[in-house]
Amino acid sequence: MKDLGEREFRAGQLSTHYFGRLVRDPAEMTDLPAASRERIAGALLPSLLTPVRELACDGGATRKNLWRLHDGALVESVLMGYPDRVTVCISSQAGCGMACPFCATGQAGLTRNLSTAEIVDQVVWFAGETARGALPGCPDRLSRVVFMGMGEPLANYNRVIAAIRRLTDPAPDGLGLSQRHITVSTVGLVPAMRKLADEDLSVTLALSLHAPDDELRDELVPVNQRWKVAEVLDAADEYARRTGRRVSIEYAMIRDVNDHPWRADLLGRLLSGRLAHVNLIPLNPTPGSRWDASPKDVEREFARRLRAAGVATTVRDTRGREIDGACGQLAAAEEMS
Ligand code: SAH
């Protein structure tokens, strides 16, 4: 503000518009001098995300945006409304370097890290839409954020942590969301998981396990070649111990690949007694992939065996299939066209 020749307290006013009122249109910032509103907002709230496509399904309760960033990079975010909560799934990188073969984003490789502002702005954008009643029959306050869009959040560590602080600090410094309602999902970068446990944050950690044995996980989550199942589960355990927060073990059910009864039993043995629960994700098949979702009866049997081993298990609600809801599908389709 000083560089713009404005009084310092204007910074708090602008920040209150952005984080507190979810307003970014200078015309609505009537407490700023009329003559300099445009200039202030233009300089300090540049538009970071340009919508390329905006899609809706599930009767308007699921909305997916494909954004173009200032340098042409593409990222996606998905808004999901439920009767009791509104969740946004955001991207932390354009593309991803982790190369998981069942994931559309993994196929194209990493373009670049997102900045803290580019991460935060996805949430602020959808929080504004939600407050303006975009999701019929849902609360008008966005309450949850999951880092399950494009990218590996722990590979963009400092910017993701800074974004979490902006999302959780109270206005005017941030959006004032609860740390417990923020989920960071990782392929299992062990040193970064241990660092996260040191941050004194109470965010939820989700670990994309997808296989209980190293032989298969080496293929499905290639970073397993560096940090094995046992090491990654130890790091998850440490996170749970340090934060008291149950870790969510993500397991995409892929037909005839990782859905065998013996793998359910092995996973049950690995997890029983740990502060963890399993979230089974029906695979969202990506175009051109040889893999498909497990049949429902196989999925039920897999969940039954985990529960029999004493492991809390849920099956992920699938949203947005007809709008290429799975990670990276929309961006891949846009690059193609
Ligand atoms: N890189 C992080 C976060 C982004 S992916 C991670 O891997 O955890 C979010 C989740 O979606 C991960 O569990 C990932 O394995 C899963 N996923 C990716 N593609 C999928 C697909 N086609 N079907 C089902 N789940 C998928």
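Whatever order the structure lists ligands and atoms in, that order sets their numbers, starting from 1.
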Over 12 non-hydrogen atoms of neighbours within 6.0 angstrom of CG in Asp297: yes
Main-chain N/O of Leu32 paired with Arg10 side-chain donor or acceptor, under 3.5 Å: no
Gln122 (side chain) donor-acceptor with Ser91 (main chain) under 3.5 angstrom: yes
Plane angle bin for Phe302 and Tyr251 - parallel if under 30°, tilted between 30 and 60°, otherwise perpendicular: tilted
Ring geometry between Phe102 and His210 (parallel below 30°, tilted from 30 to 60°, perpendicular above 60°): perpendicular
[X] neighbourhood, listing ligand 1 atoms whose heavy-atom distance to it stays under 4.0 Å:
| X | value |
| --- | --- |
| Thr186 | 6 (C), 8 (O) |
| Ser185 | 2 (C), 3 (C), 6 (C), 8 (O) |
| Phe147 | 3 (C) |
| Thr286 | 22 (N) |
| Gly151 | 1 (N), 2 (C), 3 (C), 4 (C) |

Arg7 to Phe9 six-membered ring, cation-pi geometry met (6.0 Å, 45°): no
Shared hydrophobic cluster for Leu233 and Leu267 (ILVMFWY, side-chain gaps under 4.5 Å): yes
Polar contact flag for [X] and ligand 1 (N/O pairs, less than 3.5 Å):
| X | result |
| --- | --- |
| Cys103 | no |
| Phe102 | yes |
| Asn284 | yes |

Between Thr204 and Arg245: side-chain donor-acceptor atoms closer than 3.5 Å: yes
contact_flag Gly149 ligand 1 heavy-atom lt 4.0 Å: yes
Sub-4.0 Å heavy-atom approach of His210 to ligand 1: yes
Per-residue contact class, Met98 against ligand 1 - non-hydrogen pairs under 4.0 Å: neither
Ligand 1-proximal atoms of Val221, by part, heavy-atom distance under 4.0 Å: neither
